[in-house]
Protein chains: 2
Amino acid sequence: MTAPLYAKVKEHILGHIRSGAWTPGMRVPSENELVETFSISRMTANRALRELTADGFLSRVPGVGTFVKEPPARSSLVELRNIADEIATRGHRHTAHIETRETIEASAALTEEFELRLPAKLFHLVMVHSENGVPVQLEERYVNPFAAPHFNEQDFSAVTPTGYLVAAVPVDELEHTVEAVMPTPDQQALLDIGEHEPCLALHRRSWSKGHVVTVVTLTYPASRYALHSRYKTSPSGTLSQ
Amino acid sequence: MTAPLYAKVKEHILGHIRSGAWTPGMRVPSENELVETFSISRMTANRALRELTADGFLSRVPGVGTFVKEPPARSSLVELRNIADEIATRGHRHTAHIETRETIEASAALTEEFELRLPAKLFHLVMVHSENGVPVQLEERYVNPFAAPHFNEQDFSAVTPTGYLVAAVPVDELEHTVEAVMPTPDQQALLDIGEHEPCLALHRRSWSKGHVVTVVTLTYPASRYALHSRYKTSPSGTLSQ
DNA sequence: TGTATAAGGTTGTATATACAGTATAGTGAA
DNA sequence: TTCACTATACTGTATATACAACCTTATACA
């Protein structure tokens, strides 16, 4: 049940970085210092530092030390943005209404997506977001009650589901998949679009401390929305090939 | 100079996966079998398998074994990846052919996109990339001759345009826009898809030292490709609301 | 036949140890 | 002062060993 030692060391270091106590460029404890602090072997300290380096949080220089890395510039495309804020930023009026709200038993596919060992109960929410009265986003979301037990007690008139989850659960990992889809008849009706209007489907999973918090599919009518990002590439170059 | 042992073991396994000798679902040698084969310690074999698992190539089940993972047909969202490499990573065959190659005078729209004060000459390239003979990406690219003067002298049989530009020009800024589109008749023909098949259009501009290097639109048939990214969130939290 | 138990293979983690390579600071000699 | 050398600290890799947890299969037993 208890986490492995190397994972605890990783969490210890990540905690200092996330809290802002250890800032980019700052030196983190050497392997031998971690050995002393945690009474572990050097190989265990090495694994923690090596994995954090692979994850992009640290950089190591032989003979010198290990340092907090500059956080990479992420695009708004992949940030966890709140559609209510985006619409407000444009000076438009955001409205939303809840289409479906229930607690379900996870299907086999959902059990796998949530990385659960056994089927369990999940919150299910379907919502339509509108900009100046025009539907622009269909939100179909599943939430792990273990990660956000009070999710289903919220009324989402003032705070969107994304806004609530970001505030309630510290997300430390994200996965995005974007694809083009044709809307199902249900989706056509909810978004008020024709059957030949293509849509952008943004599928997102988010993790907190190794557990999947939520799985959501955001569907945008192509004529009303595109996803955009612009950013500086990091110095060392995240550009592969 | 010579690569570490664990890296050699990784390459050995990746080679079998890339060549197609080891297919998804197939069992790969256990740690103890690798110990025998390569005369290494179990910890070294463990590191090779563990890192390949973290990289997404393998999946491991305690008490059972290690298996080749199903490679998803996905393109990276945030990195500047080369489609030839992506296809090779899945162990498939990449082919490409040049549809159009010319030097044109920039239109008003292109002049603006390239942030030029006056219309100028631009390289124009249209290419179709195929995976195992099936078209998966239509590349429509414009290149600024000032940034990459020798671009049009390349034959892109061994190196893709993306690969050439990344190596030749230090890109320091990127802009991505993703949208869902219906293919034009020309695009339908080049990608060999029907008129009702939606496509994902990834529009990218890249800058080097303040000048636009290239503007490219990559069109993917929705049924054959999705765009994907997964990453640890940066410490202080790029998560906006 | 059906069920509990044991054995063996597999991954996961942790330790102690060793040696190589690199960068830096300090020391001593020219 | 300047240069060469040395000691030290740090990372990188590799090995041998150990134990735990998990799964499958074979075996013994009722």
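Each chain gets a letter, A, B and so on, in the order the sequences are listed, and its residues count up from 1.
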With the side chain of B:Met43 defined as its heavy atoms from C-beta on, choose the nearest nucleotide among C:dT13, C:dT11, C:dA18. C:dT13
If you check the A:Tyr6 side chain, which of C:dT10, C:dT13, C:dG12 turns out closest? C:dT13
Could you tell me the separation between the [atom1] atom of [X] and the [atom2] atom of [N], rounded to a whole number of Å?
X       : N      : atom1 : atom2 : value
B:Arg50 : C:dT13 : CZ    : P     : 7 Å
A:Arg42 : C:dC19 : CZ    : P     : 14 Å
A:Glu31 : C:dC19 : CD    : P     : 18 Å
B:Asn32 : C:dG12 : CG    : C1'   : 13 Å
A:Lys10 : C:dG12 : NZ    : C1'   : 14 Å
B:Leu34 : C:dT11 : CG    : C1'   : 13 Å

Under 4.0 Å, heavy atoms only, any strand: does B:Ile40 hit a base, just the sugar-phosphate, or nothing? sugar-phosphate
Is any side-chain N of the basic residue among A:Glu105 and A:Lys121 closer than 4.0 Å to the acidic one's carboxylate O? yes
State whether B:Glu31 and B:Arg60 are salt-bridged, where the test is any N-O pair (Lys NZ or Arg NE/NH1/NH2 against Asp/Glu carboxylate O) under 4.0 Å. yes
Under 4.0 Å from a heavy atom of chain B: give me the 5'-most and 3'-most nucleotides of DNA chain D that qualify. D:dT13 to D:dC23
Drop me the distance from B:Glu173's CD to B:His211's NE2, to the nearest 0.5 angstrom. 12.5 Å
Quick check: on DNA chain C, is the nucleotide nearest A:Ser41 upstream (toward 5') of the one nearest A:Val61, or the reverse? Name the residue that is more 5'. A:Ser41
When you check the phosphate oxygens OP1 and OP2 of C:dT10, does a side-chain N or O of B:Thr66 lie under 4.0 Å from one of them? no
Proximity of B:Tyr6 and B:Phe38 rings by center, below 6.0 Å: no
Classify the side-chain pair [X]/[Y] by whether it contains a donor and acceptor separated by less than 3.5 Å.
X        : Y        : value
B:His129 : B:Glu139 : yes
B:Asp155 : B:Ser157 : yes
B:His228 : A:Glu175 : yes

